[in-house]
Amino acid sequence: MLSQNTQTAYLYALKLKLFNSEEATKTAINHLIELMRNNGNKLSTGFLGTAILNQTLSEIGESDMAYNLVLQRDNPSWLYSIDQGATTIWERWNSYTLKDGFGDASMNSFNHYAYGAVVEWMYAYMAGIRSEDAGFRKIIIEPQLDLRKNLPEGQERITEVKAQYASVNGMIKSHWKVDGEKVTYHINIPANTKAKFIVPVAMKGFPKAENSIKSISQKLDKTIVELDSGEYNFKLKINQK
């Protein structure tokens, strides 16, 4: 256990891999999730913690909690600000409220970078667009689907995500849609690049694509499909067990 019993302390310790054993890491992950659940599935991080919040949760296998936080409507949360009329990222979650109006002008920017870090998570984990190198010549497409079994009150699952990123090599596209137990993926890999399309082994059936694929392999709990440039359509089935 850490001397600082905060969400941010555990997030950074996990992000930087500071625990010296797998058991200690698992204990820390469980404690972090417990801190969030005991807080009503809400974050209690500031600028530094929020910058790595959802990304770290997905990296440690806790994308369900990341979705809980993104879709939370109570203060503090992104949707709380939107419900108060936000069309930009604010310096504070409650920079303006329908009930009380404007906050203290000394710290009340309505165009502030910090909490906007969540958009990185949306591209890198919701849509799954990441890079193995510095220039997006080796691309990873590994979407984290919203497959939560126990939804917080008032939330619904996200069943479709569509994103594109204009890399220096061309447009990268990732589009997935869940319909019951079926998942469809539409992927575009630009010229002069290679990609790894990664899904959980729990997805039934190896992918079939319109274009040829280089290889299909399994590593731990993941299926890895190596792709050249082109457009691909995959249809899989979720294993509900």
Side-chain angles (χ1 to χ4, degrees), residues 6-16 29 32-33 35-97 103 107-131 136 139-148 150-167 172-178 198:
T6 65
Q7 292 180 15
T8 295
Y10 277 88
L11 283 165
Y12 270 96
L14 289 165
K15 179 76 172 179
L16 299 175
I29 292 172
L32 173 62
I33 298 305
L35 286 174
M36 293 179 172
R37 286 175 178 161
N38 290 343
N39 195 41
N41 289 314
K42 292 188 291 185
L43 55 84
S44 61
T45 50
F47 290 166
L48 296 179
T50 305
I52 65 165
L53 175 60
N54 281 29
Q55 296 92 321
T56 303
L57 287 171
S58 286
E59 287 167 8
I60 62 176
E62 295 292 342
S63 287
D64 282 1
M65 180 56 74
Y67 274 107
N68 287 346
L69 297 178
V70 165
L71 298 176
Q72 171 67 251
R73 305 199 86 96
D74 293 336
N75 188 24
S77 72
W78 291 274
L79 291 185
Y80 177 81
S81 297
I82 290 173
D83 289 341
Q84 308 311 307
T87 57
T88 56
I89 300 294
W90 295 347
E91 186 173 9
R92 300 189 301 184
W93 305 110
N94 60 346
S95 286
Y96 175 88
T97 66
M107 182 182 165
N108 208 34
S109 169
F110 285 87
N111 188 12
H112 202 270
Y113 78 95
Y115 296 143
V118 71
V119 177
E120 177 188 345
W121 176 79
M122 291 178 175
Y123 273 87
Y125 293 95
M126 285 182 71
I129 299 173
R130 304 199 301 277
S131 180
F136 279 92
I139 301 163
I140 294 176
I141 304 291
E142 186 179 7
Q144 303 291 312
L145 308 186
D146 184 1
L147 300 177
R148 292 172 295 164
N150 299 311
L151 294 173
E153 184 177 356
Q155 292 192 16
E156 296 181 359
R157 290 183 185 85
I158 292 179
T159 58
E160 184 174 13
V161 168
K162 189 175 185 179
Q164 60 183 33
Y165 176 71
S167 76
I172 304 169
K173 297 181 181 180
S174 174
H175 177 197
W176 58 261
K177 185 175 182 179
V178 177
I198 303 174

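Here, residue 1 is the first one in the sequence, and each next residue gets the next number.
Under a cut-off of 6.0 angstrom, the local environment of NZ in Lys162 is sparse, with at most 12 non-hydrogen atoms contributed by other residues, nucleotides or ligands. Other residues, nucleotides and ligands place no more than 12 heavy atoms under 6.0 Å from the CZ atom of Arg37.
Counting only distance, with no hydrogens or angles, the side chain of Ser58 and the backbone of Tyr125 share no donor-acceptor pair below 3.5 Å. Looking only at distances, no side-chain donor or acceptor of Tyr67 sits under 3.5 Å from a matching main-chain atom of Ile158. The main-chain N or O of Glu91 is never found under 3.5 Å from a side-chain atom of Ser109 such that the two would form a donor-acceptor pair.
Side chains of Ile29 and Leu32 form no contact here, defined as non-hydrogen atoms less than 4.5 Å apart. Using a 4.5 Å heavy-atom cutoff, the side chains of Tyr80 and Thr97 are in contact. Between Leu57 and Trp121 the shortest side-chain heavy-atom distance does not fall below 4.5 Å. Under the 4.5 Å side-chain criterion, counting only non-hydrogen atoms from C-beta, Arg157 is not in contact with Val178. A 4.5 Å side-chain heavy-atom check between Ile129 and Phe136 finds at least one atom pair inside the cut-off. The closest side-chain heavy-atom distance from Trp78 to Leu43 is below 4.5 Å. A heavy-atom distance below 4.5 Å is found between the side chains of His175 and Glu160. In this structure, the side chains of Met36 and Asn68 stay at 4.5 Å or more apart for every pair of heavy atoms.
Between Asn54 and Ala66, the closest heavy-atom pair is ND2-O, 3.2 Å. For Tyr10 against Leu35, the heavy-atom pair with the smallest separation is CD1-CD1, 4.2 Å. Scanning all heavy atoms of the two residues, the minimum distance from Pro76 to Lys42 falls at CD-CD, 4.3 Å. The nearest pair of heavy atoms linking Tyr115 to Trp90 is CD1-O, 3.6 Å. Listed here is the closest heavy atom pair of Glu156 and Arg148: O-NH2, 3.4 Å. Nearest heavy-atom pair across Ala127 and Pro143 is O-CG, 3.4 Å.
Rounded to the nearest 0.5 angstrom, Trp176 CH2 and Asp146 CG are separated by 6.0 Å. The structure places CD1 of Ile139 at 10.0 Å from OH of Tyr165, a figure rounded to the nearest 0.5 Å. For the atom pair CD1 (Ile60) and CG (Leu14), the distance works out to 5.0 Å, reported to the nearest 0.5 Å. With rounding to the nearest 0.5 Å, the separation of CG in Asp64 from CG in Leu69 is 11.0 Å. Rounding to the nearest 0.5 angstrom, the gap separating the CG atom in Asn41 from the CG atom in Asp74 is 10.0 Å. To the nearest 0.5 Å, atom CD of residue Glu142 and atom CZ of residue Arg130 are 5.0 Å apart.
Between Tyr113 and Phe47, the ring planes lie tilted relative to each other; the angle falls in the 30° to 60° range.
For the residue pair Gln72 / Ser77, no side-chain donor-acceptor distance below 3.5 Å is found, with atom types taken as modelled. Counting only N and O atoms by type, the side chains of Thr45 and Thr8 include no donor and acceptor under 3.5 Å apart.
Ionic pairing of Asp83 and Arg73 is present here: one or more N-O contacts between side-chain nitrogen and carboxylate oxygen are shorter than 4.0 angstrom.
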